[in-house]
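To keep things clear, I will list the structure first and then write my remarks on it.
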Amino acid sequence: MTQIGPDILRRLGGNPIGFVDIGARGEVHPLVDPIAAAVAVLGFEPDAEECERMRDAIGLYERYARFEIEATALSDRAGPAKLYEISAPTNSSLLPPKPVFVERYAMQNWHVVKESRLDTLA
């Protein structure tokens, strides 16, 4: 994996590139890894326990210029919403999976295992 050079880091100085990760469960998307030292990550994860786990694993995120995570669900409208918890937790969403695609492509990691209520911010 190619890392960015020190000349680019110097040019960015105190102004890292912003990366917003909505539904940040797990880790920051690997596409950011090659330029991690020049990226300020702001993550939003509605699962408070997962958010806390990620905060406690700060060593995993030292490679970023900055890393912050908020225990918040974002949506196009504020208020109560339904979270579809999926068999692969990183696939959970405010939108349900489309059964026709799950069945057609045998998408084993896309089955709803639980629905829960939460409040969202817009």
Side-chain angles (χ1 to χ4, degrees):
M1 189 177 327
T2 305
Q3 298 295 320
I4 59 175
D7 56 325
I8 294 174
L9 288 174
R10 276 193 299 278
R11 288 181 192 165
L12 289 171
N15 299 309
I17 299 164
F19 181 78
V20 178
D21 190 353
I22 300 172
R25 176 181 292 279
E27 291 188 24
V28 177
H29 196 286
L31 83 96
V32 181
D33 286 349
I35 59 169
V39 175
V41 175
L42 174 58
F44 295 93
E45 171 53 48
D47 182 334
E49 287 182 25
E50 175 65 6
C51 190
E52 193 61 32
R53 183 200 67 79
M54 291 178 76
R55 283 188 189 126
D56 289 345
I58 197 66
L60 295 175
Y61 306 106
E62 289 176 338
R63 65 185 180 271
Y64 298 99
R66 285 196 301 273
F67 178 83
E68 296 177 44
I69 186 162
E70 299 295 327
T72 303
L74 298 182
S75 179
D76 60 341
R77 64 182 76 104
K82 186 185 296 185
L83 177 67
Y84 296 91
E85 298 181 42
I86 308 300
S87 48
T90 54
N91 295 342
S92 297
S93 177
L94 298 177
L95 301 173
K98 295 203 182 281
V100 66
F101 295 120
V102 172
E103 292 169 20
R104 179 186 301 159
Y105 300 110
M107 298 165 60
Q108 298 304 313
N109 293 327
W110 286 91
H111 295 283
V112 176
V113 294
K114 181 180 173 185
E115 296 177 11
S116 57
R117 296 276 177 197
L118 49 73
D119 288 320
T120 62
L121 297 178

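Just so you know, these numbers come straight off a predicted model, no measurement behind them. For this chain, numbers begin at 1 and follow the sequence in order.
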- Query: Under the criterion side-chain contact (heavy atoms from CB on, under 4.5 Å), which of Ser92, Pro96, Ser116 is the partner of Tyr84?
  - Reply: Pro96
- Going only through I, L, V, M, F, W and Y residues with side-chain contacts under 4.5 Å, is there a path from Tyr64 to Leu42? no
- Backbone of Ala73 reached by a side-chain donor or acceptor of Thr120 within 3.5 Å: no
- What closest approach, in Å, do Ala65 and Ala37 show between heavy atoms, and which atom pair accounts for it? CB-O, 3.5 Å
- Query: In Å and rounded to the nearest 0.5 Å, what is the CD1 to OG distance from Ile22 to Ser75?
  - Reply: 10.0 Å
- Same cluster or not: are Leu60 and Val41 linked, directly or through other Ile, Leu, Val, Met, Phe, Trp or Tyr residues, by side-chain heavy atoms under 4.5 angstrom apart? yes
- Query: Under a 4.0 Å N-O cut-off, is there an ion pair linking Asp33 with Arg63?
  - Reply: yes
- Message: Contact between Arg66 and Pro16 at the side-chain level, heavy atoms closer than 4.5 Å - yes or no?
- Response: yes
- Side-chain heavy-atom pair Trp110, Lys98 within 4.5 angstrom cut-off: no
- Point-to-point distance, once rounded to the nearest 0.5 Å, from CD of Glu45 to CG of Asp21: 9.0 Å
- Item | Test item: Arg55 and Ile69 side chains (from C-beta on) under 4.5 Å apart, heavy atoms | yes
- Message: If hydrophobic clusters are built from ILVMFWY residues whose side chains come within less than 4.5 Å, do Val20 and Leu121 share one?
- Response: yes
- Task: Report the distance from atom CZ of Phe44 to atom CG of Leu74, rounding to the nearest 0.5 Å.
- Result: 5.0 Å
- Contact summary for Ala71 and Ala48, nearest pair of heavy atoms: CB-CA, 4.1 Å
- Cluster link Val100 to Met107, ILVMFWY, side chain under 4.5 Å: yes
- Close side-chain approach of Ile17 to Ile35, heavy-atom, < 4.5 Å: yes
- Item | Heavy-atom side-chain proximity of Leu94 to Leu118 below 4.5 angstrom | yes
- Query: Quick one: CZ on Arg25 to CE on Met54, what's the gap to the nearest 0.5 Å?
  - Reply: 9.5 Å
- Note on the structure: Nearest heavy-atom contact between Glu50 and Gly26 is OE2-N, 2.9 Å
- Message: Is any side-chain heavy atom of Leu83 closer than 4.5 Å to one of Glu115?
- Response: no
- Are any of the side-chain heavy atoms of Val112 and Glu85 separated by less than 4.5 Å? no
- Message: Counting neighbours of CZ on Arg77 that are heavy atoms of other residues, nucleotides or ligands and sit closer than 6.0 Å, is the number greater than 12?
- Response: no
- Distance, nearest 0.5 Å, that separates CG of Asn109 from CD1 of Ile86: 10.0 Å
- Message: Any heavy-atom pair between the side chains of Phe67 and Glu62 that's under 4.5 Å?
- Response: no
